[in-house]
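Every chain is numbered from 1 and lettered A, B, ... according to where its sequence line falls, protein lines coming before strand lines.
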Protein chains: 2
Amino acid sequence: MKLITRNTDYALRALCFIAKSDGKIIPVSGLARELRVPQPFLRKILQVLSKKRILKSLKGQGGGFLLKRSPVKIFLPDIMRIFQGKLRLNECSLKKLLCPEQKTCPLRKKISGIERYVLRELNAISIASLIG
Amino acid sequence: MKLITRNTDYALRALCFIAKSDGKIIPVSGLARELRVPQPFLRKILQVLSKKRILKSLKGQGGGFLLKRSPVKIFLPDIMRIFQGKLRLNECSLKKLLCPEQKTCPLRKKISGIERYVLRELNAISIASLIG
DNA sequence: GACAAATGATACAATTATGGTATCATTTTA
DNA sequence: TAAAATGATACCATAATTGTATCATTTGTC
Ligand code: FES
Ligand code: FES
């Protein structure tokens, strides 16, 4: 029942660190040392963030990553969606059989209330708010 | 990011069905047909519920399962814990390294607020409330 | 220009969690 | 005694997660 998987977590920490570095170009090597996280894995994560336009990357010697968006505009669900797919707490496990009870199912109703709350809260968490 | 896994879901539906059957002894065979769920898997699930004192079982011909506790006293987290372990949304993925930031980590703080809310809501959901 | 240090792209591997089967033993009733 | 049920347990399959490995490309520096 993890809300946040490891790769999202690494990504968040990396983003926080980069955000705190005030525009300096951060190479994976340094970041991995800093966060004590396996470097090749972290590298893959940063490459994804780069492709998703969260980070900007600079190749070549002296290169690395920096933020492409202001930390006030990067929200937790943005990152979670990248690494964990759609943010749904509430799918019927019979969906393949087209569960006819989906609309009326009392369990779904209750959980979807929870889901709305969780998403609202997550949406309020930005990278900026984490380093504030 | 599933809140409820398949086995929990099956278990809940089984419990609801049994609860609605008003004391009748329900064999797995019938239940599996009714819920359209693989019978051996459902059987394993019911056996666990039985061992955990949620269901009572009767062996032999004409046997099956019935509730051991009133449906007003069976809550969603009871079942979730059985099949999904501890209900924590909020573990640091560095726990093995004894992340020194656990206490002060702003992400943990924010998520633990969400966690408390979710648990409170889940605790309000009983089998009775699902069949009401 | 050669070299070193970085990312891009991508394929592969390991581990864990989840979902599910199979089987044999035991109990109970008809 | 046979049939219908659960108890216990071992096993298997699939998918998701967490990584590793490698080669190609870019870029700054000597
Ligand atoms: S059982 Fe399908 S939505 Fe509740
Ligand atoms: S990084 Fe370990 S608790 Fe936040």
Side-chain angles (χ1 to χ4, degrees), chain A residues 1-11 13-14 18 24-33 35-66 68 80 82-86 88 91 93-97, chain B residues 1-11 13-14 18 24-33 35-66 68 80 82-86 88 91 93-97:
Chain A
M1 212 184 72
K2 257 175 316 192
L3 202 56
I4 293 183
T5 57
R6 196 119 102 208
N7 44 15
T8 303
D9 197 14
Y10 288 172
R13 274 185 264 169
I18 296 172
K24 275 204 289 288
I25 300 173
I26 311 289
V28 176
S29 53
L31 200 49
R33 243 194 333 275
L35 304 180
R36 291 146 161 259
V37 146
Q39 166 164 345
F41 191 37
L42 183 59
R43 191 173 159 218
K44 190 165 71 168
I45 289 169
L46 294 195
Q47 283 184 353
V48 171
L49 289 175
S50 187
K51 207 164 2 181
K52 295 289 185 176
R53 310 271 170 175
I54 308 282
L55 289 176
K56 185 159 44 183
S57 74
L58 300 171
K59 288 172 97 173
Q61 197 177 27
F65 296 89
L66 29 75
K68 182 150 198 165
M80 292 175 72
I82 289 173
F83 296 103
Q84 306 175 203
K86 274 198 193 131
R88 324 219 91 261
E91 268 163 11
S93 42
L94 283 191
K95 56 176 180 268
K96 281 170 200 156
L97 305 177
Chain B
M1 213 183 71
K2 257 175 315 192
L3 203 54
I4 292 184
T5 57
R6 198 120 101 209
N7 44 15
T8 303
D9 197 13
Y10 289 171
R13 274 186 264 168
I18 296 173
K24 276 204 287 292
I25 300 172
I26 311 290
V28 176
S29 53
L31 199 50
R33 244 195 331 276
L35 304 180
R36 291 147 162 259
V37 147
Q39 167 165 344
F41 190 36
L42 183 59
R43 189 171 162 220
K44 189 164 73 167
I45 288 169
L46 295 194
Q47 284 183 351
V48 172
L49 289 175
S50 188
K51 209 165 0 185
K52 295 289 185 178
R53 310 272 171 175
I54 307 283
L55 290 176
K56 184 158 46 184
S57 74
L58 299 172
K59 288 171 97 173
Q61 197 179 25
F65 296 89
L66 30 75
K68 181 151 199 164
M80 292 176 72
I82 289 174
F83 296 105
Q84 306 176 202
K86 275 200 192 125
R88 324 220 89 263
E91 268 163 9
S93 42
L94 282 190
K95 57 175 178 265
K96 281 170 200 157
L97 303 178

The nucleotide from C/dT18, C/dT28, D/dG7 with an atom nearest the side chain of B/Q61 is C/dT28
Suppose we call a contact any N or O donor and acceptor under 3.5 Å apart; does that hold for the side chain of A/R43 and the base of D/dG19? no
Whole-Å distance separating the CD1 atom of B/I45 from the P atom of D/dG7: 14 Å
Rounded to the nearest Å, what distance is computed from the CZ atom of residue A/F41 to the P atom of nucleotide C/dT15? 15 Å
Whole angstrom is fine here: how far is it from CD in B/Q84 over to C1' in C/dG19? 13 Å
Over how many whole Å does the gap from A/E91 atom CD to C/dG19 atom P extend? 13 Å
For A/F83 versus A/T8, what's the shortest heavy-atom pair and its separation? CB-OG1, 3.5 Å
Rounding to a whole Å, what distance do you find between B/L42:CG and D/dT6:C1'? 13 Å
Specify the closest pair of heavy atoms between A/A11 and A/L49, including all atoms of both residues, with the distance to one decimal. CB-CD1, 4.0 Å
Of all the nucleotides listed (C/dT7, C/dT26, D/dT20), which has the minimum atom distance to the side chain of B/K59? C/dT26
Nearest non-hydrogen partners of B/I4 and B/D9, listed with the distance: CG2-N, 3.9 Å
Measuring to OP1 and OP2 of C/dA6, would you say a side-chain N or O of A/S57 lies under 4.0 angstrom away? no
With nearest nucleotide decided by heavy atoms, which residue, A/L46 or A/M1, maps closer to the 5′ end of DNA chain C? A/L46
Look at all strands and tell whether B/K56 reaches a base, only sugar-phosphate, or nothing, counting heavy atoms closer than 4.0 Å. nothing
Measure the distance from CZ on B/F65 to P on D/dA4 and round it to the nearest whole Å. 17 Å
Between A/Q47 and A/K44, just flag the one whose closest nucleotide in DNA chain C comes earlier from the 5' side. A/Q47
Judged by atom type as modelled, is there a donor-acceptor pair below 3.5 Å linking the side chain of B/Q84 to the main-chain atoms of B/L3? yes
Using side-chain heavy atoms (C-beta onward) and a distance below 4.5 Å, is B/K24 in contact with B/L66? no
With a non-hydrogen cut-off below 4.0 angstrom, is A/G63 in contact with a base, only sugar-phosphate, or nothing? sugar-phosphate
A/N7, nearest nucleotide to its side chain (from C/dT21, D/dT18, C/dA6): D/dT18
Would you kindly give the CD1-to-P distance between A/I82 and D/dT18, to the nearest whole Å? 16 Å
Can you see if the side chain of A/K2 gets near the phosphate of D/dT18 - specifically, an N or O under 4.0 Å from OP1 or OP2? yes
Heavy atoms, side chains only, cut-off 4.5 Å: are B/M1 and A/M80 in contact? yes
Please state how far atom CG in B/L3 lies from atom P in C/dT18, giving the value in whole angstrom units. 13 Å
Which residue lies more 5' along DNA chain D, comparing A/G62 with A/P38 via nearest heavy atoms: A/P38
Which part of the nucleic acid does B/Y10 contact within heavy-atom distance under 4.0 Å: base, sugar-phosphate only, or nothing? sugar-phosphate
Nearest to side-chain heavy atoms of B/S50, which nucleotide of C/dG8, D/dG7, D/dT17: D/dG7
